[in-house]
Amino acid sequence: MKAVCWYGIHDIRVENVPDPKILNAHDAIVEITSTAICGSDLHFYDGYIPGFEKGDIVGHEFMGRVVEVGSEVKKLKMGDRVVVPFPIACGSCYFCQQNMWSLCDNSNPNAKIAEMMYGFSPAGLYGYSHIYGGYAGGQAEYARVPFADVGPIKIPDGLTDEQVLFLSDIFPTGYQAAENCNIQPGDMVAVWGCGPVGQFAIRSAYMLGAERVIAIDRFPERLRMAEEGNARVINYEQVDVPEALREMTGGRGPDACIDAVGMEAHGASIDAIYDKVKQTLRMETDRPHALREAIQLCRKGGVVSIPGVYGGLIDKLNMGAAFAKGLTFKMGQTHVHRYLGPLLERIERGEIDPSFVITHRLDLEDAPHGYEIFKKKEDDCIKVVLKP
Amino acid sequence: MVSTQTANVQVQDRGNLQQNRSGMSSVNVGQVERWASLLAGGVTALFGVVRDIRRGKPSGVGVTLACLGSGILYRGASGHSFIYQALGIDTTANNQSAQSVRVEKVVTVNRSPEELSHFWTNLDAAQQSEFATTSPGNSAFPGVQKNELEAWETLKKTVSAHGGYVEFERAPDERGTEVKVILFYTPPAGNIGRTVTKLLGNSPEQQITEDLRRFKAMMEAGEIPTIEGQPSGPK
């Protein structure tokens, strides 16, 4: 089959590889009908996620039809049309039973490595480094799906791929980010980053009752899309963010701040340049400019919610500000399984059509081009969907 | 209700654990000191060598540094200091339990202590009946998969091989069972051997950690996660 493989920094290739096989009794094989490039894929594209090996099949947003099931798979059957959540979860450990699926105890074959880095191992993920298990990803014609009865959600035929594909990651991720804000009536929510996750965070915050959402970015097309989602916008290259945020929130500061940027924040300030230099020299893994700003500008007693991915060490984080203001931090990989059903219902009811975020539809073969324009924000690229 | 169940697997006579001490009598430098010696010796020797290479010819200072560094390096590697020997000093922490090591590893498994201890005590019978037939399920443990029994077998083997025992203790608030393995083992070359096997990743401590991890996965998820055999692009 054809698969998108990682070979190094800015070196993504479409290769012919063997078809996946059932390896465990709870596995299924899915023939992929749609898959997408995630903003977090750009982190390994840029070489900032450790634990990749040459030839690794990447991609973690995918859906398709079940073509084979293992002997212990009871609920899924051949021909079922499914969306696959990006974290792999066993369904029977403490964390799965507590609805914390991305923290599953039993799905990471490389738990040892993750434990060394993080103390305990999170769940395995598709196509996202050997620290997270090294599972072959979904930017391919077929994928092996472990714990097939636990993760994949069946999709009724009335919905198109593009309407439901993003249940695999970015819609639940934006939604969890908003849910983590514990939004109360009258709350104002600021969102750093108007990429796909930021877009879903904006819309989810309104679904959960936010009074106003303020979105921060520098690309006009992304700010435009945020405005279409009813957000007030700040272009940080034109406007002073602290001043604008204070002004827009009656001097109180946002009740909750969402960092939908993560480890490769761009910025024009001194701290952003400092981070860029250190990260380039590999003296720091993450550039937390957006996070710093969120902490600094959040109101007293507010929430900083972090869907943006961080991989390791960060510098010069103002813990004093977080402490002095009594902030609450919420973060982590999304517990996608928790949201699949409820968000599918919202799509079915017509409350949201997630396909609004798609700007590019490419053949799987053109994945390297897709990564490039997504990375460079060329051609107003916001979200790339690949068709195998 | 049994809150703690101890399954003792008497394989190794614990009286043997203190033997072999005489073999390490030449070690008279403590662990921390040895690591410090390795580091300091290495840096000093390297500095001496590099200094001369840069200058293009050997010099008195360079050779002295290289020799001095090598000496310290040897002290770290062997754990033996001739100076300490002459002075009758031994910094290996009262000759401690350098030889026998007690290893304790614990994991919480999302199953009840009753289930787990039942498995443990009846394992042999279960295996015999299981492996005698190829049918799924098992007469001793109806509904139990063959691979679950294999997880038990692996764990029991490791525990037996090193001499040790397993305890099952109920975790608080219905959070399953704390499965604790206690092993006693004698590293091939004392503490330094222990360090080396750890670095190589095949110490009994790591082995039991991985056994317990697989055991937990099998008991909870019914399988051990793997990517063995999945496709990838040409390396």
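First the proteins, then the strands, lettered A, B, ... as listed; each starts at 1. Computed over heavy atoms, backbone and side chain alike; hydrogens, waters and symmetry mates excluded.
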(message) Any heavy-atom pair between the side chains of A:Glu72 and A:Lys74 that's under 4.5 Å?
(response) yes

(message) Counting C-beta onward and ignoring hydrogens, is there a side-chain heavy-atom pair between A:Asp161 and A:Arg81 closer than 4.5 Å?
(response) yes

(request) Count the heavy-atom pairs under 4.5 Å between each of B:Glu220, B:Gln230, B:Glu223 and chain A, then report the option with the highest count. (result) B:Glu223

(message) As an exercise: rank B:Lys216, B:Arg214, B:Glu210 by heavy-atom pairs under 4.5 Å with chain A and give me the winner.
(response) B:Lys216

(request) Please work out whether the ring planes of A:Tyr132 and A:Tyr118 are parallel, tilted or perpendicular, with thresholds of 30° and 60°. (result) tilted

Quick check against the 3.5 Å criterion: does [X] have a side-chain atom that pairs as donor or acceptor with the backbone of [Y]?
X        : Y        : result
A:Arg338 : A:Asn99  : yes
A:Gln176 : A:His335 : yes
A:Asp80  : A:Lys154 : no
A:Ser102 : A:Gln333 : yes
A:Ser129 : A:Ile131 : yes
A:Trp6   : A:Phe44  : yes

(request) Inspect the contact between B:Lys180 and B:Glu104 and indicate whether a charged nitrogen and a carboxylate oxygen are less than 4.0 angstrom apart. (result) yes

Please state whether the side chain, the backbone, both or neither of [X] comes within less than 4.5 Å of a heavy atom of chain B.
X        : result
A:Ala3   : neither
A:Glu115 : side chain
A:Tyr7   : side chain
A:Asn108 : backbone

Proximity of [range] to chain B, residues having a non-hydrogen atom under 4.5 angstrom:
range                       : value
residues 83-95 of chain A   : A:Cys90, A:Ser92, A:Cys93, A:Tyr94
residues 23-40 of chain A   : A:Leu23, A:Asn24, A:Ala25, A:His26, A:Asp27
residues 134-141 of chain A : A:Gly134, A:Tyr135, A:Ala136
residues 56-71 of chain A   : A:Asp56, A:Ile57

Under 6.0 Å from the [atom1] atom of [X], do we count more than 12 heavy atoms belonging to anything else shown?
X        : atom1 : result
A:Met117 : CE    : yes
A:Lys387 : NZ    : yes
A:Lys21  : NZ    : no

(request) Taking all heavy atoms of B:Val109 and all of B:Met219, pick out the closest pair and write down the distance. (result) CG1-CB, 3.8 Å

(request) Determine whether the aromatic ring centres of A:His10 and A:Tyr45 lie less than 6.0 Å apart. (result) yes

(message) If you count heavy-atom pairs within less than 4.5 Å of chain B, which of A:Asn106, A:Asp105, A:Asn16 leads?
(response) A:Asn106

